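Here is the structure we will look at.
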Amino acid sequence: MLERRPFPNPQSLRVFLCVVQEGSVGRAALSLGMTQPGVSQHLRALEAQIGRALFHRQGRRLVLTKTGQNLLPEARRAVQALEEFMQAAQAIGRLERGQVEIGAATTMAVYVLPRYLTEFKRLHPEIRIRLESGSSEQLTRRLLQGEIEMAVVEAVEHMEGFERTLFYEDELVLIVPPEHPWAKREEVEPEQLAKVPLIVREPGAMTYRVLGSALEQAGLEINPVFYTDNHEVTKRLVLEGAGVGIVSSVVVRPNLKVGNLRTLRIKGMELRRLFWLIYPKEAGNPAADALREMLAS
């Protein structure tokens with residue numbers, strides 16, 4: 001088994017290359033801003049680690065030994081690699097390169113985050129961003145496993161080693177087409193939901209949980225005619241006249257601008273959805289830190 005020796009001091013390699021270039025310890029010391037004893041000490045340490053002499057004297061000049069000649073290209077490559085390493089590290093710190101991975105509940109990923117991410121990309125064009133959408137439960141697990149660096153999710157309890165900041169406050173609203181009898185109302189009584197074909201998210205979705213909890217507290221039950229797996233399907237069914245939908249208010253904003261849907265509230269019910277930005281206390285990624293600061297501001 002080969003003996004593992006410690007790596008040479010990078011500064012000793014730089015000193016070695018400078019002595020080769022200058023041809024003497026004195027000139028190398030001037031070039032490096034060091035003392036001659038300091039330069040000599042680095043050379044002795046490097047030779048001791050290698051176990052061979054790197055130079056021999058010819059008059060007043062230092063000339064490379066055969067070992068020194070053979071190691072010279074490797075020393076140059078090693079120093080170049082170290083310089084590239086430091087340049088990369090500095091570029092990461094200046095947000096001139098890097099990547100950040102963020103997860104978001106589908107509603108946030110589709111309707112809210114794109115605006116923030118577009119602005120972040122404008123400010124830091126060299127940073128690559130990977131956005132992953134999914135359920136809050138899935139993304140929380142991936143965050144805990146270190147597969148994403150931050151997440152915008154709902155209903156998150158305290159997580160050891162993580163911080164959370166309120167990112168977005170949304171509410172559930174009823175949606176109807178402009179020709180619907182409720183289109184000019186601002187709100188309806190909860191009991192009236194049992195009298196119309198209702199379109200809601202599937203059981204298990206956070207939208208359904210929030211609605212179901214509120215109705216349960218009011219002592220009411222609903223019997224939807226459609227369960228959907230996303231808000232866009234709900235909106236499409238409402239537009240086709242299939243019934244009254246219940247969606248997050250943020251998803252219907254484009255339709256309100258166009259005028260093809262109307263929103264109203266359920267009287268006496270507060271159907272709020274809170275989305276939290278969750279992130280590790282110590283991320284270690286400047287790009288992730290910068291994006292987190294933007295989202296939290």
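Sequence positions, counted from 1, serve as the residue numbers for this chain. Given the structure is predicted, the values throughout are model-derived calculations rather than measurements.
Q87 and R97 are not linked by any side-chain donor-acceptor pair at a separation below 3.5 angstrom, with hydrogens and angles left out of the test. A donor atom on one side chain and an acceptor atom on the other are not found under 3.5 Å apart for T228 and R201. Under 3.5 Å, the side chains of E84 and Q80 contain a donor-acceptor pair of N or O atoms. Between the side chains of E101 and Q99, at least one donor N or O lies within less than 3.5 Å of an accepting N or O.
Here the closest heavy-atom approach between residue E202 and residue Y208 is recorded as O-CB, 3.5 Å. Between V100 and A288, the shortest heavy-atom distance links the atoms CG2-CA, 3.6 Å. The heavy-atom pair separating I92 from P286 by the smallest distance is O-CB, 3.6 Å. Nearest heavy-atom pair, A151 versus L143, reported as atom, atom and distance to 0.1 Å: CB-CD2, 4.3 Å. In plain terms, the two heavy atoms of P178 and N260 that are nearest each other are CD-O, 3.2 Å. Shortest non-hydrogen contact noted between A109 and L131 is O-CD2, 4.1 Å.
Using a 4.0 Å cut-off between charged nitrogen and carboxylate oxygen, R236 and E240 count as a salt-bridge pair. One finds no salt bridge joining E179 and K184 here, because no Lys/Arg side-chain nitrogen approaches an Asp/Glu carboxylate oxygen to under 4.0 Å. Classification of E189 and K267 as a salt-bridged pair holds, one side-chain N sitting under 4.0 Å from a carboxylate O. The residues R141 and E147 are annotated as not salt-bridged, no charged nitrogen and carboxylate oxygen being separated by less than 4.0 angstrom.
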Could you go through S248 and R273, starting from their C-alpha distance and side-chain angles, then the distance that decides it, and tell me whether this counts as side-chain hydrogen bond (donor to acceptor under 3.5 Å, both in side chains)? CA-CA 8 Å; S248 287; R273 300 178 69 189; 2.2 Å; yes
Check the pair L43 / F55 against side chain to side chain contact (heavy atoms under 4.5 Å, CB included), numbers first and verdict last. CA-CA 9 Å; L43 290 180; F55 296 95; 3.9 Å; yes
Assess whether side chain to side chain contact (heavy atoms under 4.5 Å, CB included) is satisfied between W182 and V188, documenting all intermediate values. CA-CA 8 Å; W182 290 358; V188 297; 3.8 Å; yes
Verify side chain to side chain contact (heavy atoms under 4.5 Å, CB included) between M150 and I278, making sure each step is shown before the conclusion. CA-CA 6 Å; M150 66 186 79; I278 314 295; over 6 Å; no
Side chain to side chain contact (heavy atoms under 4.5 Å, CB included) assessment of T106 paired with Y111: CA-CA 8 Å; T106 304; Y111 301 100; over 6 Å; no
Show, in sequence, the C-alpha distance, side-chain angles and deciding distance for E132 and R142, and conclude whether the salt bridge (charged side-chain N to carboxylate O under 4.0 Å, His left out) test is met. CA-CA 10 Å; E132 177 179 332; R142 290 181 62 76; 2.6 Å; yes
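Inter-residue side-chain proximity for T263 and L174 is flagged as unmet; no heavy-atom pair is nearer than 4.5 Å. Side-chain contact between L274 and R272 is present, with at least one heavy-atom pair separated by less than 4.5 Å. Contact of the I102 side chain with the E149 side chain is not registered, since no non-hydrogen atoms from C-beta on lie closer than 4.5 Å. In this structure, the side chains of F162 and L144 come closer than 4.5 Å at one or more pairs of heavy atoms. Proximity of R265 to L172: side-chain heavy atoms (C-beta onward) are nowhere separated by under 4.5 Å. The side-chain heavy atoms of V112 and V250, taken from C-beta on, include a pair separated by under 4.5 Å. Contact annotation: the side chain of R77 approaches that of P73 to within less than 4.5 Å [non-hydrogen atoms, C-beta and beyond]. Inter-residue side-chain proximity for L62 and V20 is flagged as unmet; no heavy-atom pair is nearer than 4.5 Å.
Hydrophobic clustering of Ile, Leu, Val, Met, Phe, Trp and Tyr side chains at less than 4.5 Å, counting indirect connections, unites V79 with V15. Taken together through direct or relayed side-chain contacts under 4.5 Å among Ile, Leu, Val, Met, Phe, Trp and Tyr, V244 and V225 form parts of separate hydrophobic clusters. Two different hydrophobic clusters hold Y227 and V247 under the rule that ILVMFWY side chains link at heavy-atom gaps under 4.5 Å. Cluster membership check: M206 does not share its hydrophobic cluster with F167, using side-chain heavy-atom separations under 4.5 Å among Ile, Leu, Val, Met, Phe, Trp and Tyr. Taken together through direct or relayed side-chain contacts under 4.5 Å among Ile, Leu, Val, Met, Phe, Trp and Tyr, V196 and L271 form part of one hydrophobic cluster.
Between Y168 and Y116, a ring centre-to-centre spacing not shorter than 6.0 Å is recorded.
For E221, there are no side chain to side chain donor-acceptor pair (under 3.5 Å) partners at least two apart in sequence or on another chain.
Checking side-chain atoms of T118 against main-chain N and O of P114 turns up a donor-acceptor pair under 3.5 Å. Remark: the backbone N or O of A105 is not paired with any side-chain donor or acceptor of S136 at under 3.5 angstrom. Listed for the S297 side chain is a donor-acceptor partner under 3.5 Å among the backbone atoms of M294. Between the side chain of R262 and the backbone N or O of G259 there is at least one donor-acceptor pair closer than 3.5 Å. No donor-acceptor pair closer than 3.5 Å links the side chain of K281 to the backbone N or O of E163.
Under a cutoff of 6.0 Å and an axis angle of 45°, R292 and Y279 form a cation-pi pair.
Summarising the geometry, atom CD1 belonging to I199 is positioned 10.0 Å from atom CD1 belonging to I246; distances are rounded to the nearest 0.5 Å. Rounding to the nearest 0.5 angstrom, the gap separating the CG atom in D170 from the CZ atom in F275 is 6.0 Å. Taken to the nearest 0.5 Å, the CE atom of M34 stands 5.5 Å off from the CD atom of Q11. Taken from CD1 in I175 to CG in L264, the straight-line distance is 10.0 Å, to the nearest 0.5 Å. The CD1 atom of I50 sits 8.0 Å away from the OG1 atom of T67 when rounded to the nearest 0.5 Å. A distance of 9.5 Å separates CG of N230 from NZ of K235, quoted to the nearest 0.5 Å.
Counting non-hydrogen atoms of other residues, nucleotides and ligands closer than 6.0 Å to NZ of K195 gives a total of 12 or fewer. Shown here is Q145, whose CD atom has more than 12 heavy atoms of other residues, nucleotides or ligands within 6.0 Å. Annotation for Q41: atom CD does not count as buried by contact number, only 12 or fewer foreign heavy atoms lying within 6.0 Å. For CZ of R14, the number of neighbouring non-hydrogen atoms (other residues, nucleotides, ligands) closer than 6.0 Å is greater than 12.
Looking at E47, H42, R44 one by one, the single match for side chain to side chain donor-acceptor pair (under 3.5 Å) with S12 turns out to be H42.
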